Amino acid sequence: KIRSLYPSFSVSQANAFARSLNVEGPQLVIELDRRRLEYETLSNELNRWVGSQYEPNVFARHTRFFIREEILKAWRRETPERYDANGIFTGYAMTITHGFEVTLPTLMAADFSHVSYLYIQHDRQAGSVPIDHAPAYEVFLNNFRKLKTLIIGGSYFSYLPATVSEMSRLAHLQILHAGMPLTTQTIELISGLTYLENLVLDHCPLEATPDITAMPNLRHLSLRGTGINQWPIGAERQSQLNYLDLRENSIVDIPEAVFM
């Protein structure tokens with residue numbers, strides 16, 4: 001039954017998965033039936049999303065199919081595995097690439113707590129009209145609260161969903177080449193991510209300079225080409241910070257503590 005739900009599992013993986021559920025006998029059967037229903041519901045929701053509107057653009061149609069398949073593969077644990085620096089398994093990765101004319105599905109009701117790495121890349125198509133993806137992110141990211149790494153590239157979004165602040169395991173956040181300025185509210189949300197170890201906002205127009213005072217574990221900070229004219233608040237006092245990239249900005253004043 002387990003391998004019918006997770007076809008890529010070997011026999012040993014299926015046995016290990018069964019043990020990880022901490023149930024046996026009839027309770028194990030009930031749990032697997034629950035997961036089967038969850039998967040069928042997710043698959044039906046994604047099928048409706050794929051066919052929810054006519055897409056005259058062939059690229060957009062194919063993109064919806066690709067996103068559906070990637071989400072289903074992630075649920076089945078068929079995407080790449082992730083490991084930390086010590087070789088300890090941390091979860092599965094999911095990568096989604098799509099153009100501006102396709103928004104992410106927002107009606108999913110499934111467990112993706114096993115996904116620890118999510119990379120969303122927007123490919124800009126010539127002549128396409130930018131769409132604000134923030135509302136879709138608000139719902140979509142709600143399914144991925146156990147992320148350790150979140151990367152968003154080339155996207156248009158007016159705000160970063162508050163869901164991100166509830167990702168208590170998030171250690172790596174990268175937002176690259178954002179098509180809209182990151183607002184003061186978004187910067188304040190990011191500044192409140194006290195558990196971050198890696199923060200990259202390269203080539204994202206920032207309405208305010210990030211305050212990293214409350215990030216004691218931050219080791220890597222890159223704000224290249226963000227248009228800031230002020231030194232990142234608190235950066236000179238972060239003892240763990242060993243990489244700082246502030247190129248292509250207009251910063252004039254650097255705290256004296258940096259040179260001490």
Side-chain angles (χ1 to χ4, degrees), residues 2-9 13-14 17 20-21 31-55 57-82 89-123 125 131-157 160-161 163-164 166-167 169-170 172-176:
I2 291 177
R3 295 181 71 191
S4 67
L5 271 178
Y6 305 100
S8 66
F9 278 9
Q13 286 176 316
F17 180 76
S20 73
L21 297 178
E31 173 59 18
L32 293 178
D33 285 342
R34 184 196 68 78
R35 287 172 180 263
R36 182 179 301 282
L37 178 60
E38 180 181 295
Y39 179 76
E40 290 174 353
T41 301
L42 174 64
S43 181
N44 290 336
E45 288 178 348
L46 291 174
N47 286 337
R48 284 194 292 270
W49 171 73
V50 168
S52 62
Q53 60 185 33
Y54 174 69
E55 293 282 8
N57 185 312
V58 174
F59 175 80
R61 289 202 303 272
H62 288 173
T63 297
R64 282 180 175 251
F65 282 113
F66 169 81
I67 292 174
R68 179 191 65 183
E69 290 307 305
E70 189 65 18
I71 291 172
L72 292 176
K73 282 170 58 181
W75 190 96
R76 297 192 305 262
R77 292 167 166 79
E78 294 176 359
T79 53
E81 297 178 348
R82 301 286 296 182
F89 175 72
T90 60
Y92 293 85
M94 186 167 83
T95 299
I96 290 179
T97 302
H98 64 100
F100 282 128
E101 65 274 22
V102 178
T103 58
L104 297 177
T106 59
L107 297 176
M108 298 193 306
D111 179 16
F112 288 91
S113 59
H114 54 284
V115 175
S116 63
Y117 174 102
L118 178 59
Y119 179 19
I120 302 172
Q121 173 63 43
H122 294 255
D123 285 340
Q125 302 297 309
I131 297 173
D132 183 2
H133 289 277
Y137 285 170
E138 188 81 59
V139 182
F140 185 79
L141 291 177
N142 197 46
N143 296 280
F144 300 91
R145 291 175 177 263
K146 299 297 179 65
L147 290 179
K148 289 181 175 293
T149 299
L150 173 60
I151 304 174
I152 302 174
S155 178
Y156 276 77
F157 58 94
L160 191 64
T163 301
V164 175
E166 299 169 7
M167 297 176 180
R169 299 182 183 181
L170 190 66
H172 308 279
L173 175 63
Q174 297 186 36
I175 303 175
L176 309 171

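Computed from a prediction, not measured in an experiment: that's the story for all the values here.
Between E78 and S8, the shortest heavy-atom contact is CG-OG, 3.5 Å. Summarising the geometry of A110 relative to N143, their closest heavy-atom pair is O-OD1, 3.7 Å, with the distance given to 0.1 Å. When all heavy atoms are compared, the tightest approach of P7 to L5 is CD-O, 3.3 Å. I71 and L46 make their closest contact through CG2-CD1, 3.7 Å (heavy atoms, listed as atom of the first residue, atom of the second, distance).
Side-chain atoms of H114 come within 3.5 Å of backbone N or O of A74 as a donor-acceptor pair. Proximity of a side-chain donor or acceptor of T90 to a complementary backbone N or O of R82 within less than 3.5 Å is detected. The backbone N or O of F17 sits less than 3.5 Å from a side-chain atom of S20, completing a donor-acceptor pair. Side-chain atoms of S113 do not come within 3.5 Å of backbone N or O of K146 as any donor-acceptor pair. A donor-acceptor distance shorter than 3.5 angstrom exists from the side chain of T41 to the backbone of L37, with no hydrogens or angles considered. Put simply, the side chain of R64 gets close to the backbone of W49: a donor and an acceptor are under 3.5 Å apart.
Two residues are said to be in side-chain contact when any heavy atoms from C-beta on lie closer than 4.5 Å; E70 and L72 fail this criterion. Annotation: side chain of H133 is in contact with side chain of H122 (closest heavy-atom distance under 4.5 Å). Residues Y119 and M94 are not in side-chain contact: their nearest non-hydrogen atoms beyond the backbone lie 4.5 Å or more apart. Counting heavy atoms from C-beta outward, T95 and I120 have side chains that stay 4.5 Å or more apart. You'll find the side chain of L150 reaches within 4.5 Å of the side chain of L170, heavy atoms only.
Between F140 and F144, the two ring planes are tilted [angle within 30° to 60°]. Relative ring orientation between W75 and Y39 is described as tilted, the plane-to-plane angle lying within the 30° to 60° band.
Partner of F112 under the side chain to side chain contact (heavy atoms under 4.5 Å, CB included) criterion, out of L147, L42, L118: L42 alone.
Ion pair E38/R35 not flagged as a salt bridge, since none of the NZ, NE, NH1 or NH2 atoms sits closer than 4.0 Å to an Asp/Glu carboxylate oxygen.
Partners of S4 by side chain to side chain donor-acceptor pair (under 3.5 Å), not counting sequence neighbours, listed by chain and number: R36.
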